[in-house]
Amino acid sequence: MLDIAANPYKADFPLLAARPDLAFLDSAATAQRPAAVLDAQRSFYETMNANPLRGLYELSVEATAAIAAVRAQVAALIGAPDARDVVFTRNTSESLNLVAKSFSPTVLGPGDEVAITIMEHHSNLIPWQQACRAAGARLVYLYPERDGTLTDEEIAAKVGPRTKIVSCAHVSNVMGCELPVRRLADAAHAVGAVMVVDAAQSVPHLSVNVEALGTDFLAFSGHKALGPMGVGVLWGRHELLDQMEPMLTGGEMIDSVREQDATWAPVPEKFEAGTQDAAGIYATGAGLTYLTETVGLAAVGEREAALVAYAMGRLGELGFVDVIGSADPSRHHGVVSFNVRGVHPHDVASILDASGVCIRAGHHCAQPLLAWLGVENLACCRASLAFYNDKSDVDRLVDGLTQVWGIFHGND
Amino acid sequence: MATTDLYNAEFMDHVSHPDYKYQMEDADCTHEGVNPSCGDELTFSVRFADDGTIDEAAFTGHGCAISQASADIMSDLMIGKTPEQARELCDLFMRMVRGEETDEAALEELEDGVLLRDIAHMPARVKCAELAWRTLDEMLAKGAEGGQAPSDPAEA
C-alpha cells in the first residue's frame with residue numbers, strides 16, 4: 001500500500017514548501033507549479049528571449065526551436081501523429097471557442113444538432129450555444145445516471161442523423177468521473193459527426209491518447225498540468241484544421257498580404273495570430289516533463305487514487321457530508337465534490353479557509369449540471385487532489401468540516 | 001482567526017433563530033434581491049407607521065449564513081427609522097464591509113451589524129453580506145424616485 005503520509009514532491013513546489021500552513025485542495029482550478037516550471041520561464045527570458053518565427057538571427061532561431069520542441073512534446077503526450085496539428089492558444093476555453101467558431105460553420109446548418117453532456121464546464125457549453133444560435137442548429141444534452149454513467153441507450157437516443165458535432169469533457173470537473181469518449185466518438189463517427197474532447201481535467205491525471213479516444217479535436221490548458229497560466233492547446237485532425245478559417249487574424253499567421261486580401265499560413269501558424277506567450281509555452285514543456293518524467297503518470301495515478309480513496313473514506317465516516325456522483329473512489333479522478341448538510345458551500349469554504357484549507361465552493365462553471373443534479377443553492381464544495389497532496393491535507397479538510405458542523409449544529 | 005470569529009455564537013443565533021424571517025401579511029413595500037453567482041435569494045418587506053417610519057420589517061428566502069444573518073440583523077436595526085435614516089445606515093454598512101469605514105464610533109450606529117465587520121477581509125463574501133442592505137436600499141430609492149410617500153400601497 002502506497003504511503004500517502006510521506007510526501008516526496010512538496011519540496012519541489014516553492015509555494016507549498018513556503019506555506020506549510022496551507023492544505024491546497026483546488027488543483028482542478030489550477031495546479032501549483034514546481035520550481036522546474038518557474039526556472040524555465042525565467043531561463044527563457046535570460047537565455048533565448050527573442051520573438052519566435054520573426055528573426056533571422058540566432059537568438060530568434062533558438063526561441064523558435066524551443067517552441068517547436070514543446071509542440072512535439074505535446075504531440076507525443078497526447079499521441080498525435082503530427083506535431084503540426086498542435087495549436088497553441090491561451091487556454092481550454094479559447095481552444096474550444098476556436099472549434100466552435102471556426103469549425104462549426106463548415107458543417108453546421110439549420111436543423112442540425114450538436115450533442116454535449118449535462119456535465120460540461122461552461123467552456124464546453126456556451127461556445128456550442130453560440131455556434132448553434134449562429135447556424136440555426138439545436139443543442140442537445142446527454143444526461144448520465146446519478147453516478148455519472150452515460151448509458152448506450154442515452155447515447156443512441158441523442159446521437160443521430162442530425163448530429164454534426166459531439167463534444168464532451170474527458171473527466172467531469174464536478175463529478176470527477178471519466179466520460180466514455182471512445183463510445184461517444186464511435187457513435188459520432190457512425191453518423192458522420194465530428195468528436196471534440198475537453199481534456200482540461202484529464203491531462204493532469206490520466207494518460208490521454210487521441211487515437212485511442214478516437215477523437216477529432218482535443219483541448220486542454222497548460223496551467224492545470226503544472227505549467228504557467230496563459231497557455232492552452234488545441235489538437236485537431238489535419239484535414240479538419242486545414243479547412244477552418246482562422247478565428248484571429250494579424251501578425252505571423254499569413255503567407256502573403258495584399259491591399260485587399262491575404263492568404264493564410266499553413267496549420268498551425270494560421271491559428272496563432274500575434275506574438276505567442278513563448279516563455280509560457282517553453283515553461284509548459286518543463287511542466288509536462290516534470291509531470292510525465294520526473295513523477296510519471298503511473299505514479300500520479302497511483303498516488304491520486306490512494307488519496308481520493310482515503311478522502312472519500314474519511315468523508316463517509318463524518319455522517320453529515322454527501323458526496324456528489326459515484327460512491328466508488330476509483331471513478332473520481334482527483335475530484336471529490338460534496339455538500340455539508342444544511343450548510344451553504346460558501347460558508348463551508350470560508351470556515352475552512354480560516355484553517356488554511358483551500359477548496360472551491362460555488363457552481364464550478366457548471367450551472368446546468370448543478371441545476372440538473374438538484375443541488376441546493378446551485379452550489380457545492382469541491383476538494384480536488386493532486387499527487388503533491390498528502391494524507392495531512394485530507395486530515396485537515398476533515399478536521400475543518402467537523403468544525404463547520406460544530407459551528408452550525410453545536411447548539412442543537 | 002477572523003473567519004471563525006465571524007461565525008460566533010451571537011452571529012449563529014441570527015442564522016439559527018432569526019426573529020424577522022417570516023412572510024409579512026400587510027406589507028407596504030416588497031422587493032427582491034438575488035446574488036446569481038451564489039444562489040442567494042431574498043425578499044424583503046416593510047410596513048410603515050403613520051409618521052413614515054418603518055414599523056415592521058421582515059424577510060423570506062434562502063442563502064448562505066452570512067446573507068441570512070445580515071438580513072435578520074438589518075431588519076432589527078431598521079424598526080423605527082425613517083427611509084432617509086435607513087438608507088444612510090445601508091450606506092454605512094456597505095462602506096464597513098468594503099473596508100472603507102473602520103471608525104468604531106461611527107460603526108456603533110449599526111448595532112449588531114458590526115458582527116459582520118470582518119467581511120471587510122473576505123472580499124468574496126461582500127456581496128453575501130450586502131444583499132439585504134442593497135435590496136432595502138433599492139426599494140427605498142425606488143420609492144424616493146417615484147415621488148411617492150413610502151407608505152404608498154402602490155409600491156407593494
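Order of the sequence lines fixes the chain letters, A, B, ..., with proteins taken first and strands second; residue numbering starts at 1 for each chain.
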Please work out which of the three classes, parallel, tilted or perpendicular, describes the rings of B/Phe93 and B/Trp133, given edges at 30° and 60°.
parallel

Strictly below 4.0 Å, N to O, side chains only: are A/Arg360 and A/Asp26 in salt-bridge contact?
no

B/Asp13 versus chain A, the contacting section by heavy-atom distance below 4.5 Å:
neither

Chain A contacts: which residues in residues 60-67 of chain B have a non-hydrogen atom closer than 4.5 Å to it?
B/His62, B/Gly63, B/Cys64, B/Ala65, B/Ile66

Least distance between heavy atoms, B/Tyr22 atom then B/Glu56 atom
OH-OE2, 2.6 Å

A/His344 and A/His346 aromatic ring geometry - parallel, tilted or perpendicular at 30°/60° bounds
tilted

Answer yes or no: is there an ion pair linking B/Arg47 with B/Asp26, defined by an N-O contact shorter than 4.0 Å?
yes

For A/Arg90, is the CZ atom crowded, meaning more than 12 foreign heavy atoms sit under 6.0 Å from it?
no

